[in-house]
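Structure first, commentary second.
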Amino acid sequence: MGFLTEQPIDVAALIAEVQSPTRGGISVFLGAVRNHHAGREVLRLHYSAYRPMAEAECARIVAEAQARWDAATAIQHRVGRLEIGETAVAVIAASAHREEAFAACRYLIEQTKRRVPIWKREFYADGSVSWVEAGSESVPSDAGTWLQPA
Amino acid sequence: MGFLTEQPIDVAALIAEVQSPTRGGISVFLGAVRNHHAGREVLRLHYSAYRPMAEAECARIVAEAQARWDAATAIQHRVGRLEIGETAVAVIAASAHREEAFAACRYLIEQTKRRVPIWKREFYADGSVSWVEAGSESVPSDAGTWLQPA
Amino acid sequence: MATAAASDVRVRVLLFASYAESLGFDSINMSLASPATVGAVVERLRALPGGDRLPPRPLCALNLAHVGPEAPVAAGDEIAVLPPLAGG
Amino acid sequence: MATAAASDVRVRVLLFASYAESLGFDSINMSLASPATVGAVVERLRALPGGDRLPPRPLCALNLAHVGPEAPVAAGDEIAVLPPLAGG
């Protein structure tokens, strides 16, 4: 557990978790809160989650990446209120080779965005508030790989 | 200037340099000193550089990446004595979109390894020392893009 | 709701974010005629006031894992209906 | 070395890492018959004791930028001969 946190994400501590003397290539991706979205000025936002499932899904994504690439991996996603510029998500992959580190890191962020049940509520400069529903509304046609068998 | 440093690389400070409220995707690659190389146990190493050219070449690489992708970028390479696990190089690209951040980051590390005049001397557990000459000995056939016109 | 019968399947259903807002609740216990599927849970929710906000095939989870609408449900299962995800 | 003449090109040549070790120096001032190229500098270095360690077409830089052996050199230029790079 511990993929989700209400505290600011400590990137250096996460890197230290996956780094080792045999893994010299470390690829990190950070998603930070932007000050605009679809042409509107964003003041701050709030992430909520279906927390036990989010933890379980992150654990599955990490296990998949570690099975596919020879890499140590980490995911951390912030929940609660976030200000502009704060880190919302950090994913890290450390490997002996940079190709594997990059590929695993890319996998972690793509799958996290697609599969982890987290929702974002944006608060705008004009006083309005809205759910950001960028993802697919229905089961994606290529979801077979991550849907549990019926 | 300042792409090369004798001091430990401060990744958080480098990230802060390229991050901005409009660039929400940050891709980082770190190269750390490994404890083995070609089957030999490495104790530590020493990086030396043709320093004015290394600075100039890093500046060119950063400018190329910024022209090609809408990204803010940074490169920092350590020189001098490094211990196992220490960060030898950090490259960072921050963009509004993660595809661009990843692509620019990958470009930065590939070009840094190919073009920046830095050499590595490894010190082994058996007491021997050797230059690591992994790169091309002669002008690569595809070097046209980064060779200055005659 | 259907009257509970010996063969009925009783499950817990969770709603989140905009779906919870639209239907006005974020969890409900529901009895379904056996055999039941996740899709049957969605159908029942869509018939409730505000349920037209749910698409016919929303993202769903069964016991903390993504499943399709054909997934069978058993007594005690936890089914979650997930609005479009927005993490990362 | 060639005798300096009015048309000679005087340049500074830098060696690094294993090349500097092999030739026993890391910088040298050299006069070349004009017109001269980076390749001519390399040829001269290869004829020196230890110079057989240099490949026929090593990586070279002219005034802090990578160039090929055909690059012309002018008086005052700084030419560097670079062993295989190992940064990153």
Side-chain angles (χ1 to χ4, degrees), chain B residues 3-4 29-32 37 45-61 75-79 87-91 108-122 129-141 143-150, chain D residues 9 11-28 32 34-43 45-46 50-74 76-88:
Chain B
F3 294 105
L4 271 62
F29 182 81
L30 307 175
H37 179 242
L45 50 77
H46 189 277
Y47 280 106
S48 58
Y50 176 18
R51 199 142 174 178
M53 179 180 170
E55 292 283 355
E57 199 67 20
C58 286
R60 284 188 283 264
I61 293 168
I75 298 174
Q76 195 150 67
H77 202 299
R78 182 100 176 262
V79 289
T87 302
V89 63
V91 299
L108 293 175
I109 188 62
E110 299 301 332
Q111 297 298 315
T112 296
K113 291 175 88 80
R114 279 194 92 171
R115 293 163 49 181
V116 180
I118 293 177
W119 298 277
K120 177 160 68 171
R121 204 161 161 71
E122 284 183 342
V129 181
S130 114
W131 293 104
V132 178
E133 304 197 327
S136 175
E137 186 183 62
S138 296
V139 183
S141 58
T145 51
W146 47 271
L147 288 189
Q148 300 300 305
Chain D
V9 176
V11 297
R12 183 172 173 76
V13 179
L14 306 179
L15 296 175
F16 294 91
S18 64
Y19 293 173
E21 279 186 5
S22 297
L23 279 108
F25 59 88
D26 58 14
S27 82
I28 190 173
L32 299 149
S34 178
T37 63
V38 164
V41 172
V42 171
E43 281 313 298
L45 292 170
R46 294 184 78 218
D52 54 343
R53 174 71 182 71
L54 270 57
R57 285 172 52 92
L59 297 176
C60 289
L62 175 63
N63 300 330
L64 312 184
H66 289 282
V67 292
E70 71 292 344
V73 300
D77 280 351
E78 179 174 288
I79 293 101
V81 187
L82 313 172
L85 310 182

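In what follows, chains carry the letters A, B, and so on, assigned in the order in which the sequence lines appear, proteins first and then strands, with residues in each chain numbered from 1.
A side-chain donor-acceptor contact under 3.5 Å links H66(D) to the backbone of R115(B). Between the side chain of W119(B) and the backbone N or O of F16(D) there is no donor-acceptor pair closer than 3.5 Å.
Here the shortest heavy-atom pairing between M53(B) and A61(D) reads SD-CB, 3.3 Å. Heavy-atom minimum distance, G88(D) versus H77(B): N-NE2, 2.7 Å. The minimum heavy-atom distance between G135(B) and P84(D), with the atom names listed, is O-CB, 3.4 Å.
Proximity to chain B (any heavy atom under 4.5 Å) is shown, for L54(D), by neither the backbone nor the side chain. At a 4.5 Å heavy-atom cutoff, the contact between V139(B) and chain D is made by backbone and side-chain atoms alike. Neither the backbone nor the side chain of T112(B) comes within contact range of chain D, judged by heavy atoms closer than 4.5 Å. Contacts between A54(B) and chain D at a heavy-atom distance below 4.5 Å are absent for every atom of the residue. Both the backbone and the side chain of E137(B) come within contact range of chain D, each with at least one heavy atom under 4.5 Å from a heavy atom of that chain.
The CG atom of L82(D) lies 7.5 Å from the OH atom of Y50(B); values are rounded to the nearest 0.5 Å. L85(D) contributes atom CG, which lies 10.0 Å from atom CZ of R114(B) (distance to the nearest 0.5 angstrom). How far CD of Q148(B) is from CG of L64(D): 10.0 Å, rounded to the nearest 0.5 Å.
Contact count against chain D (heavy-atom pairs under 4.5 Å) is highest for W131(B) among F29(B), Y47(B), W146(B), W131(B). Between chain D and the residues P117(B), S130(B), G31(B), A49(B), the most heavy-atom pairs under 4.5 angstrom are made by P117(B). The candidate with the highest count of non-hydrogen atom pairs below 4.5 Å against chain D, out of I75(B), V132(B), I118(B), V89(B), is I118(B). Each of A134(B), S136(B), P140(B), A88(B) has some count of heavy-atom pairs under 4.5 Å with chain D, and the biggest count is that of S136(B).
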